[in-house]
Amino acid sequence: MISIVIFGGTGDLARKKLFKSLYSLYSKNLIPKNTKIIGFARKDLNTDSYRQFVSDELPDNLELKSEFLECFYYFQGDLYNEASYHDLRTFLVEMDASYSICAFKLFYLSVRPELYSDVFTFLKKTDILNTCSNDTSKPWSRILIEKPFGNNFEHARELDSQLSTVIAEEQIFRIDHYLAKEALENILIFRFKNSMFNAAWNKEFISKITIKLFEQRSVEGRAEFYDQAGALRDVGQNHALQMLAMVLMDQPEELVGAQIRQKREDILRTFKPLAYTDEYFDRGQYFDYLNHIGKEYSETETYFRIGLESSAPQWSGVLCVIESGKSMPMNETSIQIDFKDGNVIYFELGSTPRITLSFQVKDSGYDFKTSIKEFEFRDTAQSIFVLDAYEKILYQAIVGDVTSFVSTCEVLEQWKIIDDILRNWTHIPLRKY
């Protein structure tokens, strides 16, 4: 039996992502039918009203909806109150006893990042992660943690030091949901399983790599958090650098989680910013931003462009550009590989994933004039076993696959890069767009 405890069980993430993803796993028999899902929150609910709360967030026509809702339980508690954690521990122990089993336990921290330190403190004081310590079968306990983990290198290191006293590294699953995107994982297959691309995947053939994460939506709904973080911390430190690491990492002996993570970490250690000039760095703020956050002044960037390079011998001299922004003219999540001969490989990772290859062909006529043509691949197959990002995150955490999760060392290396940029780019004007 698996017990999944959602801290913040009535929050936006639970409502918009987790309930639907858990139903999908349940309906595909990817989690046990006797799974227990416990929502932990302050709202004045009980198990019956919580099941109705979950039901309201799910479509009406789901075949197994009623059966699935029976998996849910509610525990009313306060994240700031140590007594609530003691009571939750008792609740979990009693639930296990009622089924004569000590369940595997997954604790999902769907809470604001600034609460992590308090939550870690109370988890340690109450020893809630070790309710099965006397069980000889040693069922696991694991923690799922959303990004951002810390707001700079020192803060991330402090949080990690605190968390390491609560639970072992192999039991920590730090989420970067971009790593669970099928289209991003497919880049590894595209590279390593096709020798004609893998042989050319280096500085001898590639001149530039561009990563874009553009959103049409503004910061409304996240204004308080966003004005403290800014675009570079919000997506640059995590999604964008992880995407770049996936493109440049060396080939592991096997495409398995631990080896993939190690190769990502190895290449992250080699990244450094280019010269802090307008050629490589830009930061902006969209026109309505101050109205959206209710302030008269803010230096927070909602757009950035940064230039990086790798000191790895096979990538020396290749320009790496990362761009991200809110309130952009279009949505785009993409990776573009520019080759020195003018050819381009473009990976669209958004709602309609595709791979586009451009190549030169001869035009009709008496001479050897050429033009650029494109070949495009889209996976139009619809399979019930194609998981969305949060389905995959939950499933991999349950089976212990770390592929889509970020290690402590990766987090710290990413913060080193971002901290360096934040210290040095304030002289670049914050332009309006």
Side-chain angles (χ1 to χ4, degrees), residues 3-19 37-45 50 53 74-89 91-92 105-131 141-169 171-177 219 221-230 233-235 237-239 293 300 390 393-394 397 405-406 408 411-412 414-415 418:
S3 292
I4 301 172
V5 182
I6 304 175
F7 288 87
T10 59
D12 283 349
L13 181 64
R15 293 189 300 106
K16 294 176 180 178
K17 296 290 186 181
L18 301 185
F19 298 157
I37 304 168
I38 300 98
F40 178 102
R42 286 192 297 178
K43 283 191 175 182
D44 187 14
L45 299 173
Y50 187 57
F53 177 86
Y74 188 69
F75 183 87
Q76 185 178 9
D78 186 348
L79 287 166
Y80 296 97
N81 188 337
E82 181 180 338
S84 290
Y85 294 77
H86 284 291
D87 292 342
L88 176 61
R89 190 183 198 282
F91 178 87
L92 295 173
K105 293 182 176 65
L106 185 66
F107 296 86
Y108 197 123
L109 270 59
S110 178
V111 300
R112 299 194 310 275
E114 59 265 30
L115 295 179
Y116 286 167
S117 182
D118 289 334
V119 173
F120 295 164
T121 296
F122 294 137
L123 291 177
K124 179 176 175 59
K125 284 185 175 181
T126 58
D127 200 30
I128 198 171
L129 302 176
N130 296 305
T131 57
S141 289
R142 293 171 182 155
I143 290 181
L144 270 167
I145 305 174
E146 286 280 347
K147 67 92 178 170
F149 192 78
N151 53 39
N152 56 41
F153 174 81
E154 287 300 330
H155 186 216
R157 188 164 62 175
E158 290 170 7
L159 281 178
D160 181 69
S161 178
Q162 185 182 7
L163 184 55
S164 68
T165 67
V166 179
I167 196 168
E169 172 71 14
Q171 297 170 275
I172 304 168
F173 289 71
R174 294 180 185 84
I175 297 169
D176 185 332
H177 70 269
V219 303
R222 301 180 67 216
E224 182 179 356
F225 163 78
Y226 199 92
D227 198 53
Q228 295 174 354
R233 285 189 175 96
D234 187 38
V235 298
Q237 182 271 335
N238 37 74
H239 301 330
I293 65 170
T300 298
Y390 274 92
I393 284 166
L394 288 161
F405 301 93
V406 185
T408 295
V411 170
L412 295 179
Q414 289 165 198
W415 273 122
I418 298 305

What I'd like to find out is whether the side chain of [X] reaches to under 4.5 Å of the side chain of [Y], using heavy atoms alone.
X	Y	answer
Glu82	Thr126	yes
Ile418	Trp415	yes
Lys105	Val5	no
Phe40	Ser84	yes
Phe405	Leu144	yes
Val406	Lys147	no
Val411	Gln237	yes
Phe53	Arg15	yes

With side-chain contact (heavy atoms from CB on, under 4.5 Å) as the criterion, how do Ile143 and Leu123 come out once you've worked through the C-alpha distance, each side chain's angles and the decisive distance to 0.1 Å?
CA-CA 11 Å; Ile143 290 181; Leu123 291 177; 4.0 Å; yes
Are Gln162 and Thr121 close enough, and set up right, to give a side chain to side chain donor-acceptor pair (under 3.5 Å), and what steps lead you there?
CA-CA 8 Å; Gln162 185 182 7; Thr121 296; 2.8 Å; yes
On a heavy-atom basis, which atom in [X] and which in [Y] lie closest, and how many Å separate them?
X	Y	value
Asp127	Arg89	O-NE, 3.1 Å
Asp234	Phe225	OD1-CE2, 3.5 Å
Gly9	Ala14	O-CB, 3.8 Å
Ile293	Ala223	CG2-CB, 3.9 Å
Asn151	Arg233	O-NE, 2.9 Å
His239	Asp176	ND1-OD1, 2.6 Å

Could you check whether [Y] and [X], counting side-chain N and O atoms only, form a donor-acceptor pair closer than 3.5 Å?
X	Y	value
Asp227	Thr300	yes
Arg42	Thr10	no
Glu146	Ser110	no

Assess the residue pair Leu115 and Tyr80 against the criterion (side-chain contact (heavy atoms from CB on, under 4.5 Å)); give the C-alpha distance rounded to whole Å, side-chain angles, the decisive distance to 0.1 Å, and a yes or no.
CA-CA 9 Å; Leu115 295 179; Tyr80 296 97; 2.9 Å; yes
To the nearest 0.5 angstrom, please state how far the [atom1] atom of [X] sits from the [atom2] atom of [Y].
X	Y	atom1	atom2	value
Leu92	Thr131	CG	OG1	6.0 Å
Ile128	His86	CD1	NE2	9.5 Å
Ile38	Ser3	CD1	OG	4.5 Å
Asp44	Gln76	CG	CD	5.0 Å
Asp87	Asp78	CG	CG	11.5 Å

Determine, for Asp160 against Arg157, whether the closest basic-nitrogen to carboxylate-oxygen distance falls under 4.0 angstrom.
no
Asp12/Lys17 ion pair, N-O < 4.0 Å:
no
Dump the intermediate steps for side-chain contact (heavy atoms from CB on, under 4.5 Å) on Tyr108 and Leu394, then the final yes or no.
CA-CA 9 Å; Tyr108 197 123; Leu394 288 161; 3.9 Å; yes
Out of the candidates Tyr85, Phe91, Phe7, only one should pair with Phe75 under the ring pair (Phe, Tyr, Trp, His ring centres under 6.0 Å) rule; please name it.
Phe91
Which class fits the ring pair Phe149 and Phe120: parallel under 30°, tilted 30 to 60°, perpendicular over 60°?
tilted
Heavy-atom count check: over 12 atoms from other residues, nucleotides or ligands less than 6.0 Å from Glu169 CD?
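Above 12, so yes.
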Going through the distances and angles, do Thr408 and Leu163 end up as a side-chain contact (heavy atoms from CB on, under 4.5 Å)?
CA-CA 11 Å; Thr408 295; Leu163 184 55; over 6 Å; no
